[in-house]
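Only one structure is covered here, and it is reproduced in the block below.
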Amino acid sequence: MKTNQTIYTRACNVLTGGVSRNTIFREPHPYYVSKAKGSYITDIEGVERIDFANNMASLIHGHSHPAIIDAVTKQLQNGTAFTMGTEAEVDYAELLIARSGTFERMRFVNSGTEAVMTMIKTARVYTKKTKIAKAEGAYHGTYDYAEVSQTSNPSNWGNINKPNINPVVEGTPQGALNDVVIFPYNDIERTLNILDQFADEIACVLIDPVPHRVGLFSATNAFIKAIYKWTRKNDALMVFDEVVTYRVNYAGAQESYTCKPDLTAMGKMIGGGFPIGALAGKSEIMEVLDPRGKILRHPHSGTFSANPISTTAGRVAMELFDEEAVLNLNTLTETAIHQIEESIKIADVPISITGAGSMFRLHLQEKKPTCYREAYHTDEKKSIIKELLDYLFMEEQIIMINTCACMFATSMTQKEVDRLSEALLNGFKIIKPKLYQLY
Ligand SMILES: Cc1ncc(COP(=O)(O)O)c(C=O)c1O
């Protein structure tokens, strides 16, 4: 009989560490999916769980939405990828551009990593400068430059007035590290001081408006305004990574700010469950990608870019995620946060919640963190979070993201929210003694 363990044993003989993405790894083995529908996933051993991870925020309607399946099935009959264009990519670009005021032109790619990379390269070509500035702790995918200092820790993060430039991967070229400037998120004074030191060299300031790994709290309007003003003064671009946060409002998290980005990278949910990324922004800047230019300034391709499966699924998903759906989902998420805050009170545990729109993250501390260093998980915290998440997964049949975060989907109802807040209450009681030992 097939079990999660027997599949993992086979996997270890062919996949390094038995997995293709570290995210799915669990001790003693990962769990393998048999089927999924809406907010529920059944594993190969028949155990059904409620999915609050939604493939790391990429399934805005949960699993196997019938309208997406129908549209994709029709497209499958007509082919999946061509060395020709399809109307599907034009339809989808029209929809996204109509939806977001800052998008004048766009390009589709295959992942969030690729979208961020293409955005940075576009900014470099346009500004004729090479450095990028990004926040300490912020995850933007795995492009060498974009990942710098994402995993900084107390032993190497250095002085907050000028955080250290730390590679994530051993062997990252020194040249890449030299071209990255790190600032503390939402800290206007320190950030501007740091940026000023490289004023002539910075092509773009890269911002995730609600950075998950930094702590999943929103950039303040004042911070975005300060960055915007700095970029105008210094011939740099302000670029947003909305790979996760495009869900926050109908037109992305950027809708909440008075100053808007020059370019936006997207991914995850805009693929309707299929791999995708997209870069959108001002046409004057996007022009550097135009093959009709006399000089090809930024030759850009991608074998599966704008394939009609991803663009069809994405278009249907975004049509369904209309203004009303965004508001309803955000309201349900707020309800969940209130209920979990009740569970925190009843269990009497030092836990706080941050988030925006349809996402939130729990922090094992009474005061909500306001920066990466405050939200940082020490080894002790990591082990308590693991205990909580393992309990939820094994005993309550609930899947959360391993930072202790939830990414909601329109397939969720009050029933799933009630299950989550009850299960967390039980989990909080279990970790309570260890939590108090932290203080
Ligand atoms: C904010 C952000 N940017 C970029 C990425 C990279 O996206 P992908 O995994 O599709 O390459 C992620 C992935 O988690 C992300 O959270």
Side-chain angles (χ1 to χ4, degrees), residues 19-25 52-60 107-123 132-151 168-169 180 185-186 204-219 224 238-248 252-254 261 263-281 302-307 309-311 313-314 317 354-361 372 375 400-408:
V19 291
S20 285
R21 56 199 282 233
N22 286 1
T23 323
I24 70 143
F25 183 76
F52 289 97
N54 283 299
N55 192 31
M56 305 301 278
S58 64
L59 303 168
I60 199 68
R107 278 272 169 123
F108 289 106
V109 292
N110 302 289
S111 68
T113 292
E114 205 184 330
V116 170
M117 175 179 75
T118 309
M119 181 163 75
I120 290 172
K121 290 166 89 168
T122 299
I132 68 153
K134 70 162 293 257
E136 182 176 63
Y139 183 67
H140 296 286
T142 54
Y143 183 40
D144 279 350
Y145 301 84
E147 71 178 6
V148 169
S149 291
Q150 185 250 309
T151 50
V168 169
V169 179
V180 181
Y185 199 80
N186 261 348
C204 63
V205 182
L206 172 61
I207 296 184
D208 177 335
V210 195
H212 180 181
R213 309 283 176 105
V214 175
L216 207 74
F217 44 78
S218 300
I224 297 297
M238 180 170 81
V239 302
F240 273 17
D241 174 351
E242 291 235 48
V243 168
V244 172
T245 62
Y246 193 67
R247 61 168 48 224
V248 167
Q254 58 192 260
L263 296 173
T264 302
M266 288 165 286
K268 302 225 185 216
M269 78 159 185
I270 66 154
F274 291 82
I276 204 166
L279 170 63
T303 305
F304 286 98
S305 289
N307 74 77
I309 302 299
S310 298
T311 50
T354 58
S358 47
M359 41 188 208
F360 61 86
R361 180 176 158 184
Y372 172 66
M400 277 175 65
I401 289 176
N402 56 7
T403 48
C404 232
C406 289
M407 301 286 165
F408 270 37

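Numbers here simply count residues along the sequence, with the first being 1. Counting convention: from 1, in listed order, for ligands and their atoms alike.
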Discussion item. I'd like to know if the side chain of Ser310 reaches the main chain of Pro275, judged simply by a donor and an acceptor atom lying under 3.5 Å from each other, with no hydrogens or angles considered.
Written reply: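 Judged by distance alone, yes, a pair lies under 3.5 Å.
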
Worksheet item: Any donor-acceptor pair under 3.5 Å linking the side chain of Glu136 with the backbone of Ser149?
Response: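 Not confirmed, Glu136 side chain does not pair with Ser149 backbone.
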
Sub-3.5 Å pairs, protein N or O with ligand 1 N or O:
unit_1: ligand 1; atom_1: 3 (N); unit_2: Asp241; atom_2: OD1; d: 3.3
unit_1: ligand 1; atom_1: 3 (N); unit_2: Asp241; atom_2: OD2; d: 2.7
unit_1: ligand 1; atom_1: 7 (O); unit_2: Thr113; atom_2: N; d: 3.4
unit_1: ligand 1; atom_1: 10 (O); unit_2: Gly112; atom_2: N; d: 2.8
unit_1: ligand 1; atom_1: 11 (O); unit_2: Gly112; atom_2: N; d: 3.4
unit_1: ligand 1; atom_1: 11 (O); unit_2: Thr113; atom_2: N; d: 2.8
unit_1: ligand 1; atom_1: 11 (O); unit_2: Thr113; atom_2: OG1; d: 2.7
unit_1: ligand 1; atom_1: 14 (O); unit_2: Lys268; atom_2: NZ; d: 2.7

Item to complete: Mind listing the closest non-hydrogen atom pair of Val214 and Arg361 along with its distance?
Response: C-NH1, 4.4 Å

Worksheet item: Does the side chain to side chain contact (heavy atoms under 4.5 Å, CB included) test come out yes or no for Lys268 and Met56, once each step is laid out?
Response: CA-CA 8 Å; Lys268 302 225 185 216; Met56 305 301 278; 3.6 Å; yes

Item to complete: Go through the steps for Tyr145 and Leu206 under the test side chain to side chain contact (heavy atoms under 4.5 Å, CB included), then give the verdict.
Response: CA-CA 11 Å; Tyr145 301 84; Leu206 172 61; over 6 Å; no

Distance-only donor-acceptor pairs under 3.5 Å for side chains of residues 112-119, two or more places apart:
unit_1: Thr113; atom_1: OG1; unit_2: Thr142; atom_2: N; d: 3.3
unit_1: Glu114; atom_1: OE1; unit_2: Asn110; atom_2: N; d: 3.1
unit_1: Glu114; atom_1: OE1; unit_2: Asn110; atom_2: ND2; d: 3.2
unit_1: Thr118; atom_1: OG1; unit_2: Glu114; atom_2: O; d: 2.6

